[in-house]
Number of protein chains: 2
Amino acid sequence: MYSIQLIHKNGFEAFTFRKLAELIGTTEASVYRYFENKHRLLIYLAAWYWTWLQYQVKYQTNNINDPVVKLKMIIKLLATTVKDDLRTSYVDESLLHQIIITEGSKTYLTKRVSEDNKDQLFKPYKDLCAHIANIIIEYNPNYRYPKSLASTIIEMAHFQNFFKDYLPSLTDFGETKDESNTVSYLEDMLFRVLRKENCELVNL
Amino acid sequence: MYSIQLIHKNGFEAFTFRKLAELIGTTEASVYRYFENKHRLLIYLAAWYWTWLQYQVKYQTNNINDPVVKLKMIIKLLATTVKDDLRTSYVDESLLHQIIITEGSKTYLTKRVSEDNKDQLFKPYKDLCAHIANIIIEYNPNYRYPKSLASTIIEMAHFQNFFKDYLPSLTDFGETKDESNTVSYLEDMLFRVLRKENCELVNL
DNA sequence: TTTTATTAGATAGTATTACTATCTTTTATA
DNA sequence: TATAAAAGATAGTAATACTATCTAATAAAA
């Protein structure tokens, strides 16, 4: 998908079907045969990404029983730069990951959400969220907000990395190269929230 | 600001200077005298909103010493529908609040972030984040990620409300009318994360 | 008070964007 | 081999996101 290269290079706002058509040596109208508009194209890219990530999550947590280890693995997969998957030679997962960080929330932050949602376009994202929520419940069945916590973790894995690179004063890990601080923050947050209350609460 | 009405009605993507000019009875070129482009207009609206919210936060926590009460007040202000401020007759804060939920993160999720950031356009947002981070530190000086936690709270106050209305399966509070569940979730999360460790950690 | 800037607004344009309608070619199926 | 379906190309359009330039209003300086 050449669209990944173009969106990664100039951003989704500057991306047009004309430019994509030029790059792949076809016409604008031909691109419209496959995608009704550029917003839908972004949604399809995102859906591909979340489906792929869900697969990665299931593969990497396959033999693991401990929910703590599973959750840590998920945070790592969400927040860490992915290495290119060799089986999908046509997709550069690393570039796509960068795109989803910057453009991902634009898929649903529109007036068309409900319509796109009816067309099941957010299913991969919702499935991943539900999967993570299930592991949260497995770890602490008494926690009351597993889905909200899951969507918080997913979104913040991206936002904190974006902030780190472009608005560092919104994070506590300046302009650090890698994502290890984001992983640490998310793990710390998740397991503090889920800590089982076998000692008294001190602040209530 | 008629732009607030237009963006609220049709969304930022469908908003144009031409439509705004028509609404206020002037020409497109005249609007360009005041805003270099529509993205900057959105940034100015957001900056106005965050400045106004910062003022609300300072006003409403003025005589409060207890950081717990202050943080709860901040979560309420962030996540709850605001009532129209009568002193600013020209701005409908309630509409603006709705706009910032849906369009707010688009102000910085662009290729122009660094440029816009250099022009100090995100200062009100960053100031609010820093202010919240300070209260977090006041409450628990040992917590290591006050700024990241502050930006998480700010973003999630909006995202969880958006999800509640349009992608409810990403939250634990279906299609509830008001924002009380979002407030509960955020309070629960914040104070679990910040709980002082005067008893043993059970999961490390 | 008059001159002179500066600001604000209007007119008229342009390149680009986001499409659509329709025709032709290719490919698959009966 | 005929025929239909899919894919692609051509040529358009209305709208968008601007810019250049002209004119009118207003404010500051002489």
Side-chain angles (χ1 to χ4, degrees), chain A residues 1-48 90-91 99 102-119 121, chain B residues 1-48 90-91 99 102-119 121:
Chain A
M1 277 299 225
Y2 289 88
S3 54
I4 294 175
Q5 295 170 27
L6 270 183
I7 297 175
H8 182 262
K9 198 176 167 211
N10 305 315
F12 183 64
E13 274 69 42
F15 170 81
T16 68
F17 278 4
R18 165 179 266 271
K19 288 173 191 165
L20 175 60
E22 249 164 60
L23 185 68
I24 63 180
T26 182
T27 60
E28 208 183 343
S30 300
V31 180
Y32 275 97
R33 289 248 168 240
Y34 296 90
F35 306 100
E36 39 277 73
N37 54 56
K38 73 168 185 165
H39 184 246
R40 280 273 164 125
L41 169 60
L42 181 64
I43 291 185
Y44 295 142
L45 287 180
W48 193 99
Y90 49 95
V91 175
I99 288 179
T102 312
E103 321 289 356
S105 29
K106 294 175 191 169
T107 56
Y108 51 79
L109 292 174
T110 69
K111 286 279 164 188
R112 293 179 252 182
V113 218
S114 304
E115 198 188 319
D116 292 334
N117 189 33
K118 258 187 209 119
D119 294 346
L121 299 175
Chain B
M1 276 302 222
Y2 289 89
S3 54
I4 294 175
Q5 294 171 28
L6 270 182
I7 298 176
H8 182 263
K9 197 173 167 215
N10 305 315
F12 183 64
E13 275 68 43
F15 170 79
T16 69
F17 277 5
R18 165 176 267 270
K19 288 173 192 166
L20 175 59
E22 248 165 62
L23 185 67
I24 62 179
T26 181
T27 61
E28 209 182 344
S30 299
V31 180
Y32 275 96
R33 288 248 168 242
Y34 298 89
F35 306 100
E36 40 275 74
N37 54 57
K38 73 168 186 166
H39 183 246
R40 280 273 163 124
L41 169 60
L42 182 64
I43 291 186
Y44 296 142
L45 287 181
W48 194 98
Y90 48 96
V91 175
I99 288 179
T102 312
E103 322 289 358
S105 29
K106 294 176 191 170
T107 57
Y108 53 79
L109 291 175
T110 69
K111 286 280 164 188
R112 293 179 252 180
V113 218
S114 304
E115 198 188 319
D116 292 334
N117 189 31
K118 261 187 206 118
D119 294 346
L121 300 174

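Quick note: numbers below take in every heavy atom, side chains included, and nothing from hydrogens, waters or symmetry partners. What you see is a predicted model, and the numbers here were worked out from it, not measured in a lab. We name chains A, B, ... by the order of the sequence lines, and we start the count at 1 in each one.
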Rounded to the Å, how far apart are B:Leu42 CG and D:dA17 C1'? 16 Å
For atom CZ of A:Phe17 and atom C1' of D:dA9, their distance in whole Å: 17 Å
What integer distance in Å separates A:Arg18:CZ from D:dG8:C1'? 16 Å
Taking only heavy atoms on the protein side, list every residue of residues 23-35 of chain B lying under 4.0 Å from any atom of DNA chain C, sorted numerically. B:Thr26, B:Thr27, B:Ala29, B:Ser30, B:Arg33, B:Tyr34
Which pairs pass side chain to side chain donor-acceptor pair (under 3.5 Å) with one or both residues in residues 15-29 of chain A, sequence neighbours excluded? A:Thr26-A:Ser30, A:Thr27-A:Ser30
With sequence neighbours excluded, tell me which residues meet salt bridge (charged side-chain N to carboxylate O under 4.0 Å, His left out) with A:Lys38. none
For B:Ala21 and B:Val31, which heavy atoms make the closest approach, and how far apart are they? CB-CG2, 4.0 Å
Go through DNA chain C in 5' to 3' direction and return only the first and the last nucleotide with some atom under 4.0 Å of chain B's heavy atoms. C:dA8 to C:dT11
Suppose the criterion is ring-ring contact (aromatic ring centres under 6.0 Å, His included): which pairs have a residue in residues 5-29 of chain B, not counting sequence neighbours? B:Phe17-B:Tyr32
d(NZ, B:Lys38; C1', D:dT16) in whole Å: 9 Å
Look at atom NZ of A:Lys9 and say whether more than 12 heavy atoms of other residues, nucleotides or ligands are closer to it than 6.0 Å. no
What is the distance from CD of B:Glu22 to P of D:dA15, rounded to the nearest Å? 10 Å
Rounded off to whole Å, could you give me the CG-to-P distance for the B:Leu20 and D:dT16 pair? 13 Å
Closest non-hydrogen contact found for A:Leu23 with A:Leu6 is CD2-CG, 3.9 Å
Take B:Tyr108 and B:Asp116, measure what side chain to side chain contact (heavy atoms under 4.5 Å, CB included) needs, and give me the verdict at the end. CA-CA 8 Å; B:Tyr108 53 79; B:Asp116 292 334; over 6 Å; no
Nearest-Å distance for atom pair CG/P, residues B:Asn37 and D:dA17: 10 Å
Excluding sequence neighbours, so at least two apart, what forms side chain to side chain donor-acceptor pair (under 3.5 Å) with B:Asp119? B:Arg40
